[in-house]
2 protein chains.
Amino acid sequence: MHCTVYVWLPRAGTAKQQFIFEGKMKHKKATRITIKDLAQELNLSTSTISRALANHPGISDQTKELVNGVADRLGFAPNSIASSFRSRKTKAIGVIVPRIDIDFHSRVISGIEAFAYKSGYHVTIFQSQDSYKREKEIVKILQTKMVEGIIVCLAMETKNYDHFKKLLKSKVPLVFYDRTPDSFETNKVMINDFESAYLATEHLIQQGKTRLAHIAGNQTTGIFKKRLEGFKAAIEKNGLVVYEDLILEAQHLSYQEGVDCACKILDSSIRPDGVFCANDYTAAAVIQTLNKRHTAIPEEVAVVGFSNYPIATIVEPHITTINDRAFQMGEATGRLLIQHIEEDEIDVIDYQVITLKTELIVRESTAEKRH
Amino acid sequence: MHCTVYVWLPRAGTAKQQFIFEGKMKHKKATRITIKDLAQELNLSTSTISRALANHPGISDQTKELVNGVADRLGFAPNSIASSFRSRKTKAIGVIVPRIDIDFHSRVISGIEAFAYKSGYHVTIFQSQDSYKREKEIVKILQTKMVEGIIVCLAMETKNYDHFKKLLKSKVPLVFYDRTPDSFETNKVMINDFESAYLATEHLIQQGKTRLAHIAGNQTTGIFKKRLEGFKAAIEKNGLVVYEDLILEAQHLSYQEGVDCACKILDSSIRPDGVFCANDYTAAAVIQTLNKRHTAIPEEVAVVGFSNYPIATIVEPHITTINDRAFQMGEATGRLLIQHIEEDEIDVIDYQVITLKTELIVRESTAEKRH
DNA sequence: AACTTTTTAACAAACGTTTGCATAAAAATT
DNA sequence: AATTTTTATGCAAACGTTTGTTAAAAAGTT
């Protein structure tokens, strides 16, 4: 049975509104209040309403008050899609991250959202799951004028950047953070991984350590390569020897991988007295392994991590580490993107590279005595 | 000086395209390919193009191929805003969380995004920063037909739900997770906090512990109240005594608060032999404090946490805890919301409450011998 | 061959705003 | 009082799709 029923209901104001219940009475068309309703109610044109709501200077304060009053009274909520459609501005930015539930990324996203919100933008997030295929899919979805600009942290798998180049060709503002493309120049926000690693390593040397080990990240990824380079550079600069046997690569820098690497390093013929780890999970793993072996930290072996994860101050001894300023990186990335979206003058600028200051946070795993 | 210049450029296909540089030559109107261009190119109507691209059954396979071919060739990307505008479907869902950079929430969001993506939706996130004012602001922004449904984890401050009731009145599908409103019935996805706490506490009792302490969360928040109730219920059911002095409230359940509470509890006149903590940060704090005091875990004092954070398997001894299934909670929340968005039949259902199974993960902080 | 049915595509009207231009009224200037 | 200037509002087109209805052509049926 299929029927159509017309029901007439009185509405706020004088006009009457038609609600249509149709087809098994399933589709209740909840007719929303539009700018036209306000116009009718006040005997003004839609253009005046629109301008009044937007606080346009050409509209008298009196009318503005009137319009806002009625809008409130009728519970008017603007249709942002119609507005975006007409004005060609969505006030949306897209963010592609490998995974949201990784501490570093969630802090960066937090910074992006905080800055975007302040600037009147909102943030739509996508997880590439570190997959190249998925990343391309997402870029395709974002091609549709849905967002005014895009922030990306590259998927681990991504070695080809054509999908992003296409994006740039169609003039979509684009900013990369942390894991950025190596083979083409574009907007980037990074920390100085080389410098940070150099700093961390030199700190170990200053503590009198001479046989240094490194648990490195995936060496096809720029940032981890840089950290290894910084490690080596600091050793050589200080006239010490780089022991290649003490450099291990951990694909995902997970805690478990850290344990495995720690065992290998500690059982090596050259017994290290200092370990620099490419993140704090592996640093925590090294520390726990040393604890189990009753090796004194930092006296026998000192440990430095990277990123200042929450665990850095929970594991005992607390981990000396690099403050990677994730939240600030998010803010800086958001700021740069929105600048590119809004400022036409910036068209002259081809691209910008921002490098954030990092700092070494010294804790008990290298410096003070363990209590 | 103000000038207008017309530049004619050849375009893919046979047609030519006009680019207009205007007003100090700042606004490059990058004219995109639209459905109309495709129509012109193929001598078809826009409706046919639209239907062909949408794989409408009324269009012949031959034309579909033709259309898709030209679309590819000209690099056509649909304008999703125009489409949303006309079809009244944005394929977007909004998520309001207290903070993104909290482990639990980032895992829930990850689950939401994963499910939404599979279902062809995208996710826009907002942080209420646990502020009631901010939460109301965000709800107002989301009123604008920008999203088809909303997922919320309440701000700590929120005690009044009028802003959400208004949302429901305008028929916006709404689902709460974890921190849900107590005073009105609506769609919710939760874990059984009472049951989980009961389970955790009973486990301590089974280990022969009789003087139990609890580090509780903010007692104006439902879930933490439930956890306390479960704790007490388990004790009473097992014929033991609830020591009110051993129950402390930590506003934010931070590591530092945990340390403070741990000291108070351990220095209390009734020396506890078991501690149930409302999250893993405070549990880690208790464990570290006990370690510093050289108190044997679990022999002298056993510890149970809540949520299974990464630190649970990093701190030594590893923490016995409740698996809160954050990712699955995200998936379930996303599924429920999208169901409500898409299924008209569901209109009959007023609201749904989903409770997820939890489990106790037994580790060394309660059971096995520490090595 | 005259019909009915099916297939395929076109027409045209929306969707709710924004915005350039025109205009009317009021105020200021001569 | 005639004019210019300023202020406040209206008109109407446009943004790029989707979709209900209609029409023509092709295929099938007698």
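Below, chains carry the letters A, B, ... as their sequence lines are ordered, and counting in each starts from 1. Worth knowing before you read on, the calculation uses all heavy atoms, side chains too, and leaves out hydrogens, waters and symmetry mates.
Distance check: A:Gln127 CD to B:Ser110 OG gives 3.5 Å after rounding to the nearest 0.5 Å.
For B:Arg335 and B:Glu342, the salt-bridge test fails: no basic side-chain N is under 4.0 Å from an acidic carboxylate O. With respect to A:Lys133 and A:Glu137, a salt bridge is recorded, a charged nitrogen being found less than 4.0 Å from a carboxylate O.
The distance between atom NE2 of A:His56 and atom C1' of C:dG20, rounded to the nearest whole Å, is 11 Å. Here the P atom of nucleotide C:dT7 and the NZ atom of B:Lys64 are 13 Å apart, to the nearest Å. In this structure, B:Lys91 atom NZ and D:dT18 atom C1' are separated by 15 Å, rounded to whole Å.
In this structure, the side chain of B:Ser84 engages the main chain of B:Lys89 through a donor-acceptor pair within 3.5 Å. Judged purely by atom type and a 3.5 angstrom limit, A:Glu148 uses its side chain to pair as donor or acceptor with the backbone of A:Lys91. In this structure, the side chain of A:Asp72 does not engage the main chain of A:Gly69 through any donor-acceptor pair within 3.5 Å.
Contacts between residues 140-148 of chain B and DNA chain D, defined by a heavy-atom separation under 4.0 Å, are absent.
When all heavy atoms of B:Ile33 and B:Phe76 are compared, the pair lying nearest together is O-CD1, 3.5 Å. Heavy atoms only, all atoms of each residue included: B:Ile93 and B:Ala116 are closest at CD1-CB, 4.1 Å. The minimum heavy-atom distance linking A:Gln143 with A:Leu167 is given by the pair OE1-CD1, 3.2 Å.
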Requested in this report: Using a 4.0 Å heavy-atom cut-off, write out nucleotides 8-16 of chain C from 5' to 3' as B (base contacted by protein), S (sugar-phosphate only) or - (no contact).
Outcome: BSBBBBBBB

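When each of B:Pro78, B:Ser50, B:Ser47, B:Ser45 is tested with B:Ile35 by the rule side chain to side chain contact (heavy atoms under 4.5 Å, CB included), just one qualifies, namely B:Ser50.
Computed from C1' positions of five pairs at each end, the angle between the two local axes of the helix from C:dT4-D:dA27 to C:dT30-D:dA1 equals 40°, rounded to 10 degrees.
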